[in-house]
Protein chains: 2
Amino acid sequence: MKTPERRRRPSGRVTLSDVAKAAEVSPITASRALRGERGVAAGLVERVKLAAKNLGYVPDPAARALASQRSAQVPVLVPLLSNALFVDVLEAVHRTLQPHGFQTLIGVTHYDPDQEEQLLSSYLAHRPAGLLLTGFDRTEAARQLVAKSGVPCVHLMELTQASGVYCVGFSQHDAGHDLTEHLVARGRKRIAFVAAQLDPRTMQRAEGYRACLREHGLYDPRLELLSPQPSSMRLGGELFEDLLRTRPDVDAVFFCNDDLAQGGLLTALRLRIDVPGQIAIAGFNDLSGSDLMVPPLTTVRTPRSAMGVASAQMLLSLMRGETPTHNSTDLGFELMVRAST
Amino acid sequence: MKTPERRRRPSGRVTLSDVAKAAEVSPITASRALRGERGVAAGLVERVKLAAKNLGYVPDPAARALASQRSAQVPVLVPLLSNALFVDVLEAVHRTLQPHGFQTLIGVTHYDPDQEEQLLSSYLAHRPAGLLLTGFDRTEAARQLVAKSGVPCVHLMELTQASGVYCVGFSQHDAGHDLTEHLVARGRKRIAFVAAQLDPRTMQRAEGYRACLREHGLYDPRLELLSPQPSSMRLGGELFEDLLRTRPDVDAVFFCNDDLAQGGLLTALRLRIDVPGQIAIAGFNDLSGSDLMVPPLTTVRTPRSAMGVASAQMLLSLMRGETPTHNSTDLGFELMVRAST
DNA sequence: CTGAAAGCGCTTACAG
DNA sequence: CTGAAAGCGCTTACAG
């Protein structure tokens with residue numbers, strides 16, 4: 001009788017060799033059969049899959065990642081979860097990657113490049129299969145980290161023509177420009193721009209706003225109200241009141257995000273300010289509730305789900321080792337003209 | 001001259017042995033020093049940490065998980081991300097676990113027990129350090145999976161006295177009861193309950209509503225409007241209109257969530273229905289924007305961040321192998337009486 | 001088409 | 001307090 005081995009560290013787990021034994025093949029063959037690698041006899045594949053199912057085998061992702069130097073994880077780094085914008089993108093990414101066996105990891109940067117860099121370094125240690133990042137604004141160290149890792153990466157929300165950089169988004173500048181153009185077309189002359197957070201994309205919209213007003217000779221820097229505070233309905237209401245106090249002659253407000261605009265609209269309602277009679281109000285993103293406001297809010301509908309799906313598809317293609325024909329996908333935007341302007 | 005080894009699979013990664021060599025100790029000692037295990041000479045710890053820093057060493061989580069049978073991941077399973085409720089909880093969990101070196105993984109079940117079971121089986125394969133689940137309503141298989149895994153687990157949002165089950169939440173039943181009591185105290189007689197999604201917690205609030213109205217002899221099942229559709233502002237407006245059509249004599253509505261209530265309130269505004277004159281409106285959760293509505297919405301403030309923090313702390317304690325004195329933490333709730341009732 | 005050997009980068013016993 | 005050996009559960013070359 002054999003004495004029990006002394007050095008074992010049993011985990012009670014069903015392993016690949018258990019499956020291999022049950023199917024009467026070698027672990028290598030079992031591994032290949034389970035991963036659907038071609039070049040395994042059809043009969044063996046059947047046997048292995050059946051054995052795996054019967055034993056309730058679940059591959060160990062840690063062992064797999066260690067052996068193959070590649071996990072099935074795809075970290076997605078977004079600034080916030082409290083903005084429905086990013087939640088919609090995440091849902092779409094998750095929906096697209098899931099059926100291909102990739103696991104979406106959510107990382108929140110809070111608009112802080114240092115936090116992003118740290119997240120990146122920690123996620124990269126997990127040997128991710130791919131990476132999804134928001135925008136292009138990050139530390140040089142973060143950029144190096146990604147480049148050196150060789151992990152396929154797609155950027156969300158903004159566009160660039162830089163070669164070797166993959167991105168899916170729309171022109172924030174043009175969207176800001178077109179919404180402003182709409183206000184001008186409605187005959188507005190004193191159009192304010194009210195923004196919070198002041199992240200890169202907000203500032204690109206601000207540039208679009210400025211460009212448009214300059215084209216019409218209507219630009220006045222005193223009509224810009226920029227707050228670095230986080231965006232919220234409450235802040236929108238407060239900034240709207242500030243604006244009314246300091247610039248009582250404004251006839252339109254372009255809020256850089258719908259939560260601000262909704263707050264502004266509700267404040268107008270409370271103060272019995274006629275919208276759009278006295279003042280037109282527009283927002284950005286077409287978030288939930290904007291079409292239900294009183295009056296319904298004019299805004300720009302941004303392709304949130306489409307960006308999630310398209311960026312995930314581009315990443316899938318990169319992870320397969322393919323070279324996409326286009327490295328930049330412009331998904332456009334849609335002006336939603338409603339009763340508030 | 002030695003021929004290069006043929007079987008190497010170099011990953012270009014800085015490993016623990018690189019650090020050990022640089023610090024002139026064995027890999028085991030380096031490992032212990034880095035993990036802060038006590039029983040290593042202070043001088044060595046210094047040397048190892050310095051070497052690690054100089055080399056830019058980042059431990060490989062896959063190797064660590066494989067060797068120790070335990071990862072640093074803590075999956076949190078929530079029904080949705082589109083409800084701010086869960087986003088707030090997640091933020092708080094993440095904030096609490098992060099400094100202890102644990103990584104929060106977000107899993108979304110879409111209120112589907114089968115999806116939850118599948119997520120659980122996939123996450124458990126990663127040998128998580130701990131687990132955070134929403135509520136108690138899951139498949140028997142899911143329950144078994146968790147129990148057999150031995151992974152420490154805390155439940156969120158609901159309470160139970162069952163022994164060996166850890167939970168952090170508040171009484172959904174009592175909150176529903178107390179809000180209804182407030183409406184009764186305001187002299188309302190025909191109080192409707194309008195709900196969507198119909199998840200377990202919503203139905204517990206419904207029970208609280210029923211109990212309260214029965215106590216006052218005011219219960220009328222025809223005043224309940226229950227829709228299995230996902231909760232949203234839009235749906236709230238629609239259900240409110242349905243209710244006005246079928247039960248024109250209602251004098252108060254208890255919406256089971258603030259998004260529904262906000263939609264109802266905006267619809268009332270649009271239809272020029274006097275709130276609270278003709279009809280009182282109340283919501284649940286005190287989500288962003290509820291205090292800014294016109295009129296501001298009466299609701300129940302639920303301890304979202306507190307639940308996130310407390311559940312993460314309870315889990316930290318379990319992961320340390322401690323046995324918490326209380327296995328159930330009741331965080332209570334707060335009635336926010338505003339102008340809509 | 002199939003398999004024996006080695007290795008991925010750590011940690012767990014066990015010894016001293 | 002420190003270390004040599006073995007092992008965690010897979011996959012990657014290499015051979016046949």
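Numbered from 1 within each chain, the chains take letters A, B, ... in sequence-line order. Computed from heavy atoms alone, side chains included, the values below leave out hydrogens, waters and symmetry copies.
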Asker: List in numerical order all residues of residues 27-38 of chain A for which some heavy atom is under 4.0 Å away from an atom belonging to DNA chain C.
Answerer: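 The stretch gives A/I28, A/T29, A/R32 as the residues lying under 4.0 Å from the strand, ordered by number.
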Asker: Using whole Å, what does the distance between atom C1' of nucleotide D/dT11 and atom CZ of A/R64 come to?
Answerer: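 Atom-to-atom, A/R64 to D/dT11, this comes out as 9 Å.
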Asker: Let me know the distance between CG of B/L16 and P of C/dC8, rounded to the nearest Å.
Answerer: 14 Å
Asker: Is the shortest heavy-atom distance from the side chain of B/Q73 to the side chain of A/H126 under 4.5 Å?
Answerer: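 Yes - at least one pair of side-chain heavy atoms lies under 4.5 Å apart.
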Asker: Could you list the donor-acceptor pairs under 3.5 angstrom formed between side-chain atoms of residues 160-169 of chain B and any protein atom two or more places apart in sequence or on another chain?
Answerer:
residue, atom, partner, partner atom, Å
B/T160, OG1, B/A162, N, 3.1

Asker: Starting at CD of B/Q69 and ending at C1' of D/dA6, how long is that distance when rounded to a whole Å?
Answerer: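 One finds 14 Å between C1' of D/dA6 and CD of B/Q69, rounded.
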Asker: Under the salt bridge (Lys or Arg N to Asp or Glu O under 4.0 Å) test, which residues partner A/E322, sequence neighbours left out?
Answerer: A/R320
Asker: What do the steps show when you test B/V74 against B/T104 for side chain to side chain contact (heavy atoms under 4.5 Å, CB included), and what is the final call?
Answerer: CA-CA 5 Å; B/V74 176; B/T104 308; 5.5 Å; no
Asker: 5'-most contact on DNA chain D: B/E24 or A/A63, nearest heavy atom basis?
Answerer: B/E24
Asker: Are more than 12 heavy atoms from other residues, nucleotides or ligands located less than 6.0 Å from atom CD of A/E46?
Answerer: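 Open.
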Asker: Quick check: do B/L34 and B/V48 have side-chain heavy atoms less than 4.5 Å from each other?
Answerer: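 Side-chain contact under 4.5 Å: yes.
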Asker: Can you tell me the distance, in whole Å, between the CG atom of A/L66 and the C1' atom of C/dC8?
Answerer: 4 Å
Asker: When you get a sec, tell me which of D/dG9, D/dA4, C/dC8 is the closest nucleotide to the side chain of B/S26?
Answerer: D/dA4
Asker: So what's the dot-bracket for DNA chain C: Watson-Crick or G-U pairs under 3.5 Å, [ ] if a pair crosses, | if it pairs off-strand?
Answerer: |||.||||||||.|||
Asker: Taking CZ from B/R70 and C1' from D/dC8, how many angstroms apart are they, rounded to a whole number?
Answerer: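 It works out to 13 Å between those atoms.
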Asker: If you apply the rule side chain to side chain donor-acceptor pair (under 3.5 Å), what do you find for A/Q115 with A/T109, and how did you get there?
Answerer: CA-CA 6 Å; A/Q115 268 192 55; A/T109 66; over 6 Å; no
Asker: So, do B/V76 and B/V78 sit near enough that their side-chain heavy atoms are less than 4.5 Å apart?
Answerer: yes
Asker: Once you round it to whole Å, what is the distance between P of C/dC10 and CG of A/D60?
Answerer: 16 Å
Asker: Could you pull out all residues at least two apart from B/D18 that satisfy side chain to side chain contact (heavy atoms under 4.5 Å, CB included)?
Answerer: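 In terms of side chain to side chain contact (heavy atoms under 4.5 Å, CB included), with neighbours along the sequence ignored, B/D18 is linked to B/V14, B/T15, B/L55.
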Asker: For B/R143 and B/T139: C-alpha separation, side-chain torsions, deciding distance, then whether side chain to side chain donor-acceptor pair (under 3.5 Å) applies.
Answerer: CA-CA 6 Å; B/R143 234 181 295 274; B/T139 67; over 6 Å; no
Asker: Could you state the interatomic distance from OG (B/S305) to CG (B/D88), rounded to the nearest 0.5 Å?
Answerer: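 So the OG of B/S305 and the CG of B/D88 are separated by 5.5 Å.
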Asker: Can you tell me the distance, in whole Å, between the CG atom of A/L55 and the P atom of D/dG9?
Answerer: 14 Å
Asker: Which residues, if any, of residues 40-47 of chain A bring a heavy atom under 4.0 Å of DNA chain D?
Answerer: none
